[in-house]
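Bear in mind that the values here come from a model prediction, so they are computed numbers and not experimental data.
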Amino acid sequence: LLDTDVTPSSFWITNPSNYIRHNSAAGSQRYGFWFDLQPHPTGPSFTNVICPPGMPLGEFYNNTAHSNARYGLRIFNQYDPRKIPCNWGGNNDFDVNPAEPATFKNFTSYKNIRSGVSALKIGQ
């Protein structure tokens with residue numbers, strides 16, 4: 001089984017440029033909202049010209065996560081949105097490829113067993 005098969009979420013998001021509005025994620029065995037940002041799309045959709053960890057956030061607005069077994073919102077593995085999404089990689093090159101703001105607005109999280117929000121590497 002793949003990691004994504006054994007770590008279920010109510011919303012599994014692999015591209016942050018989506019618009020995620022007015023949702024409730026409740027009772028998952030792991031995560032309410034899971035931003036699973038791999039370096040490039042995997043499987044039949046693979047391409048190296050799309051880079052989710054560097055893509056801007058479309059919109060995350062007025063969402064609620066409750067009663068999930070781990071986290072209400074998990075951002076994994078790295079998220080560093082830039083003007084040019086595939087032209088990054090841990091360098092502090094803000095003058096060449098400036099950062100894009102990512103704002104998660106009006107998010108409510110409660111009664112999640114581990115934490116309301118978990119993120120590993122955000123920005124520089």
Side-chain angles (χ1 to χ4, degrees):
L1 293 174
L2 300 172
D3 285 340
T4 54
D5 296 328
V6 295
T7 52
S9 64
S10 297
F11 292 86
W12 181 45
I13 303 146
T14 59
N15 185 323
S17 293
N18 287 298
Y19 288 76
I20 302 150
R21 303 174 181 145
H22 313 291
N23 296 289
S24 182
S28 172
Q29 289 297 309
R30 292 294 173 120
Y31 317 122
F33 297 89
W34 181 15
F35 282 76
D36 183 16
L37 306 178
Q38 300 301 314
H40 302 286
T42 59
S45 299
F46 175 79
T47 177
N48 60 4
V49 298
I50 295 175
C51 305
M55 296 181 79
L57 182 65
E59 186 175 35
F60 191 87
Y61 174 73
N62 198 34
N63 295 295
T64 301
H66 70 87
S67 307
N68 296 290
R70 291 220 175 154
Y71 309 112
L73 169 63
R74 183 173 194 213
I75 303 170
F76 179 85
N77 176 13
Q78 178 175 350
Y79 189 41
D80 185 13
R82 298 294 185 107
K83 287 277 186 195
I84 307 168
C86 290
N87 189 19
W88 59 273
N91 300 325
N92 290 322
D93 57 352
F94 294 113
D95 56 332
V96 176
N97 191 11
E100 286 284 305
T103 305
F104 293 75
K105 296 179 185 175
N106 200 29
F107 178 61
T108 303
S109 184
Y110 61 96
K111 289 190 177 181
N112 299 291
I113 292 176
R114 285 207 180 158
S115 180
V117 177
S118 174
L120 288 180
K121 300 174 188 173
I122 304 299
Q124 287 294 320

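P52 approaches P39 most closely through the heavy-atom pair CD-O, 3.6 Å. Nearest heavy atom pair, residue N48 against residue C51, reads O-SG, 4.2 Å. Heavy atoms only, all atoms of each residue included: F107 and G116 are closest at CE2-O, 4.1 Å. Listed here is the closest heavy atom pair of T64 and F33: O-CE1, 3.5 Å. V49 and C86 make their closest contact through O-SG, 3.6 Å (heavy atoms, listed as atom of the first residue, atom of the second, distance).
Panel note: side chain S17, backbone G58; no donor-acceptor pair is recorded below 3.5 Å. Side chain of N68 to main chain of S28: a donor-acceptor pair is present (N/O by atom type, distance under 3.5 Å, no hydrogens or angles). The closest donor-acceptor contact from the side chain of N97 to the backbone of R82 lies at 3.5 Å or more, if one exists at all. Although no hydrogens or angles enter the test, the distance criterion places no donor-acceptor pair under 3.5 Å between the side chain of N18 and the main chain of I20.
The NE2 atom of H22 lies 9.0 Å from the CG atom of N106; values are rounded to the nearest 0.5 Å. Considering CZ of R70 and OG of S9, their distance stands at 12.5 Å, rounded to 0.5 Å. S24 OG to N63 CG: the interatomic distance, rounded to the nearest 0.5 Å, is 9.0 Å. The distance from the CZ atom of R21 to the OH atom of Y61 is 10.0 Å, given to the nearest 0.5 Å. Separation of atoms CZ (F60) and CG (N62) is listed at 10.0 Å; rounding is to 0.5 Å. Once rounded to the nearest 0.5 Å, the distance linking CD1 of I113 with CZ of R30 reads 10.5 Å.
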Apply the test side-chain contact (heavy atoms from CB on, under 4.5 Å) to residues L57 and Y79: give CA-CA distance (whole Å), side-chain angles for both, the deciding distance (0.1 Å), then the verdict.
CA-CA 10 Å; L57 182 65; Y79 189 41; 3.4 Å; yes
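I122 is connected to F35 through a chain of hydrophobic side-chain contacts under 4.5 Å among Ile, Leu, Val, Met, Phe, Trp and Tyr, so both are in one cluster. No path of Ile, Leu, Val, Met, Phe, Trp and Tyr side chains, each step under 4.5 Å between heavy atoms, connects F76 with V117, placing them in separate hydrophobic clusters.
Annotation: side chain of T47 is in contact with side chain of P41 (closest heavy-atom distance under 4.5 Å).
Among L37, N15, D80, the one residue that satisfies the side-chain contact (heavy atoms from CB on, under 4.5 Å) test with M55 is N15.
Heavy-atom contacts from other residues, nucleotides or ligands closer than 6.0 Å to OH of Y19 number 12 or fewer. Surrounding CD of Q29 are at most 12 heavy atoms belonging to other residues, nucleotides or ligands under 6.0 Å away.
The side chain to side chain donor-acceptor pair (under 3.5 Å) contacts involving residues 32-43 comprise W12-D36, D36-Q38, where partners must be two or more places apart or lie in separate chains.
Under the 30°/60° scheme for interplanar angles, the aromatic rings of Y31 and Y71 are found to lie parallel.
A search for side-chain hydrogen bond (donor to acceptor under 3.5 Å, both in side chains) contacts involving K83 returns E100, not counting sequence neighbours.
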